[in-house]
Amino acid sequence: MPAVNTAVPAAPAADTMPRGPLMAIGALLLVTLVGVAAVRLSGADIREPDAAAVATRSLRFEDRPDGSVAVLDAVSGRQFHAIQGEAGFLRGALRAMARERRKQGLGSAPAFELIARADGRLTLSDPATGERVDLESFGPTNAGAFAQLLTAQPVAAR
């Protein structure tokens, strides 16, 4: 006759984390979420005010048949730069701005504004849609790709 196992099952292991700290963490998360929701719903402007503009350039961008993008001074209409190849960040930022224009039924004619600020920040703004990109948020290399457009001179006609 087989032996019957009469061993008593082991009691469940005790919790390794005390309940008090877990409840405190949960309360802190809840208070944080309620605070953020209150600020967002109040409509308060939480952006830091912009510093004064020290340089501004009005720009237009035109696609070329060879796949490049011509950068034109919107005031003179003269080309002063060409975006060729990948130019990932430049093209990506412009694509996002163009997408917003298409959604609002606007063409590419209105100029963009590239604004250098007294505190060193750089902003690409689209007055036609109200969209803006604070370029320094993407690092100095990416902001530098746009910074060179502030001082570039027109290219010679071909």
Side-chain angles (χ1 to χ4, degrees), residues 17 20-158:
M17 183 81 168
L22 285 175
M23 292 182 72
I25 291 170
L28 179 63
L29 287 171
L30 182 63
V31 167
T32 302
L33 288 173
V34 168
V36 168
V39 170
R40 298 287 270 170
L41 294 173
S42 74
D45 188 13
I46 57 174
R47 285 182 36 110
E48 182 177 325
D50 290 330
V54 293
T56 301
R57 190 165 199 180
S58 294
L59 307 172
R60 288 191 44 245
F61 301 93
E62 291 181 357
D63 292 324
R64 297 291 189 216
D66 65 357
S68 67
V69 176
V71 183
L72 309 170
D73 183 291
V75 176
S76 70
R78 294 183 64 192
Q79 179 178 340
F80 65 89
H81 188 69
I83 302 169
Q84 298 180 348
E86 289 293 317
F89 180 71
L90 266 167
R91 285 186 185 262
L94 294 175
R95 217 175 285 123
M97 300 287 252
R99 186 178 319 116
E100 187 60 32
R101 282 187 172 189
R102 277 192 305 276
K103 281 174 37 179
Q104 294 186 22
L106 302 171
S108 62
F112 292 94
E113 286 186 347
L114 184 59
I115 306 163
R117 305 206 178 269
D119 59 2
R121 294 185 306 152
L122 192 62
T123 304
L124 179 63
S125 174
D126 185 357
T129 64
E131 291 292 309
R132 62 181 275 155
V133 178
D134 292 317
L135 300 166
E136 77 284 346
S137 302
F138 298 96
T141 303
N142 289 326
F146 275 95
Q148 69 180 350
L149 301 179
L150 278 171
T151 57
Q153 299 300 313
V155 295
R158 294 181 191 182

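Just so it is clear, the values below take in all heavy atoms, side chains as well, and ignore hydrogens, waters and symmetry mates.
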Quiz item: What's the shortest heavy-atom distance between P127 and S125, and which atoms?
Solution: CD-O, 3.4 Å
Quiz item: What is the distance from atom CG of L135 to atom CZ of F89, rounded to the nearest 0.5 Å?
Solution: 5.0 Å
Quiz item: Yes or no on side-chain contact (heavy atoms from CB on, under 4.5 Å) for E100 and K103, after CA distance, side-chain angles and deciding distance?
Solution: CA-CA 5 Å; E100 187 60 32; K103 281 174 37 179; 3.5 Å; yes
Quiz item: Hey, does the side chain of R101 reach the backbone of D126 with a donor-acceptor pair shorter than 3.5 angstrom?
Solution: no
Exercise. Considering non-hydrogen atoms only, spot the tightest contact between L72 and G77 and give its length.
Key: CD2-O, 4.0 Å
Practice problem: Could you pull out all residues at least two apart from D73 that satisfy side-chain hydrogen bond (donor to acceptor under 3.5 Å, both in side chains)? | Solution: R57
Practice problem: Please report the shortest heavy-atom distance between A128 and P110, naming the atom on each side. | Solution: CB-CB, 3.9 Å
Self-check item: Inter-residue atom distance L122.CG - F146.CZ, 0.5 Å rounding
Solution: 8.5 Å
Quiz prompt | Ionic contact status for D119 with R117, cut-off 4.0 Å | solution = no
Practice problem: May I have all residue pairs that pass ring-ring contact (aromatic ring centres under 6.0 Å, His included) and include part of residues 30-49, sequence neighbours excluded? | Solution: none
Exercise. Hey, could you give me each pair passing ring-ring contact (aromatic ring centres under 6.0 Å, His included) that has a residue in residues 104-125? Not counting sequence neighbours.
Key: F61-F112
Exercise. State, to 0.1 Å, how close R121 and A51 come at their nearest heavy-atom pair, and which atoms those are.
Key: NH2-N, 3.6 Å
Exercise. Looking only at non-hydrogen atoms, find the nearest pair between F80 and L149 and report the distance.
Key: CE1-O, 3.4 Å
Enumerate, atom names and distances included, each donor-acceptor pair closer than 3.5 Å involving a side-chain atom of residues 25-39, sequence neighbours excluded.
from	atom 1	to	atom 2	distance (Å)
T32	OG1	L28	O	2.8

Quiz prompt | A74 versus R60, closest heavy-atom pair with distance | solution = CB-CG, 3.9 Å
Exercise. Could you tell me which residues satisfy side-chain hydrogen bond (donor to acceptor under 3.5 Å, both in side chains) with S58, sequence neighbours excluded, listed by chain and number?
Key: none
Self-check item: For L114, the option from L150, T123, T56 that meets side chain to side chain contact (heavy atoms under 4.5 Å, CB included)
Solution: L150
Practice problem: Among residues two or more places apart or on two chains, list those pairs meeting ring-ring contact (aromatic ring centres under 6.0 Å, His included) that have a residue in residues 28-58. | Solution: none
Quiz item: So how far is it from Q104 CD to L106 CG, rounded to the nearest 0.5 Å?
Solution: 5.5 Å
Quiz item: Within a strict 4.5 Å, meaning less than it, do heavy atoms of the V69 and L90 side chains meet?
Solution: no
